[in-house]
Structures are given as structure tokens and as C-alpha cells.
Amino acid sequence: MSFWSAIVVIVAIVVIGQAIRSRHNSAAGFGTNGDGDPVPRADTGRERQLENEVSELKERIKVLERIAYDDRKRLGLADEIESLRD
């Protein structure tokens, strides 16, 4: 292998390695700064909005479960359900 062939192979390996690293960082939610170092992406607000929506839905589910349980308790179905669980 000649000297120039070795240089071409080394450059190709470095380029492929950087492409793989960039793809991995992108999939993991990281961008790069000017030096090429991975940095977390800026929060666009969408994630915060989705987290708020999930927490609101969890609160609604708690209320619905409480309503359903209270109704069952009133009708005597709560004890029947608990006995079926055992």
C-alpha cells in the first residue's frame, strides 16, 4: 500500500467515524457546538407543553377513578371487586 493510499484510508475512517457519532448524538437528542462537541438541544417548549398535558390527564384520571370507586362503594361493588382480585 502506498503512502497516499494509506492517507485516503485514514481520512475515510475518520469521516465515517464522525458521521456515526453525529448520527448517534442526533438520535440521543444532542446537537453540536462550533467545536463539534455534543451539547443538549435547546428546549423548544413542546416537551414542556406535552409534560403539562400529561400531568393534567393524570389528574383527570385520578378524579374519574375516585368517582368510579365511590359509586362502586356506594353500590357494594367495591367489596365484590376486591374479592375477585384475591
Side-chain angles (χ1 to χ4, degrees):
M1 179 183 295
S2 71
F3 175 74
W4 294 109
S5 298
I7 296 294
V8 168
V9 169
I10 291 171
V11 169
I13 290 171
V14 170
V15 168
I16 290 171
Q18 287 179 346
I20 291 171
R21 186 177 79 174
S22 174
R23 188 173 195 182
H24 173 71
N25 287 341
S26 176
F30 289 93
T32 55
N33 62 9
D35 295 331
D37 298 325
V39 293
R41 289 188 184 154
D43 187 16
T44 60
R46 178 74 175 143
E47 290 180 29
R48 204 171 19 246
Q49 179 185 8
L50 291 174
E51 288 173 357
N52 290 338
E53 187 174 347
V54 167
S55 64
E56 289 175 8
L57 290 173
K58 284 182 179 181
E59 288 298 320
R60 285 183 175 185
I61 288 173
K62 285 180 185 178
V63 170
L64 291 174
E65 286 175 345
R66 189 173 61 235
I67 291 169
Y69 182 75
D70 288 345
D71 287 344
R72 286 188 182 129
K73 195 173 193 179
R74 192 168 27 128
L75 296 174
L77 294 176
D79 295 332
E80 190 175 329
I81 291 171
E82 289 300 323
S83 68
L84 290 174
R85 287 186 180 168
D86 297 333

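As the structure is a prediction and not an experimental result, all values here were calculated from the model. Heavy atoms only: backbone and side chains are in, while hydrogens, waters and symmetry mates are out.
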> Do you reckon V8 sits in the same ILVMFWY cluster as I16, going by side-chain contacts under 4.5 Å, direct or chained?
Replying inline: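 Result: no, two separate clusters.
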
* How would you list, by chain and number, every residue that makes a salt bridge (Lys or Arg N to Asp or Glu O under 4.0 Å) with K58, sequence neighbours excluded? ->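 Partners of K58 by the salt bridge (Lys or Arg N to Asp or Glu O under 4.0 Å) criterion come out as none, since no residue qualifies.
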
Subject >> By salt bridge (Lys or Arg N to Asp or Glu O under 4.0 Å) - contacts of E59 (at least two apart) >> reply: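 If we apply the salt bridge (Lys or Arg N to Asp or Glu O under 4.0 Å) test to E59, skipping adjacent residues, the hits are K62.
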
Q.
Under 4.5 Å side-chain heavy-atom separation, chaining through any Ile, Leu, Val, Met, Phe, Trp or Tyr, what else clusters with I13? Say none if it is isolated.
A.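 Grouped by the 4.5 Å side-chain rule, V9 form the rest of the cluster around I13.
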
TODO: Quick one: list whatever passes side chain to side chain contact (heavy atoms under 4.5 Å, CB included) with V63, sequence neighbours left out.
DONE: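 In terms of side chain to side chain contact (heavy atoms under 4.5 Å, CB included), with neighbours along the sequence ignored, V63 is linked to R66, I67.
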
Of all residues at least two apart in sequence or in a different chain, which pass the side chain to side chain contact (heavy atoms under 4.5 Å, CB included) check with L50?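 Result, side chain to side chain contact (heavy atoms under 4.5 Å, CB included) vs L50: R46, E53.
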
Could you state the interatomic distance from CD1 (I20) to CZ (R23), rounded to the nearest 0.5 Å?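 Between atom CD1 of I20 and atom CZ of R23 there are 9.0 Å.
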
Margin query: Enumerate the side-chain hydrogen bond (donor to acceptor under 3.5 Å, both in side chains) contacts for residues 3-20, please, sequence neighbours excluded, ordered by first and then second residue.
Written below: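 For residues 3-20: S2-S5.
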
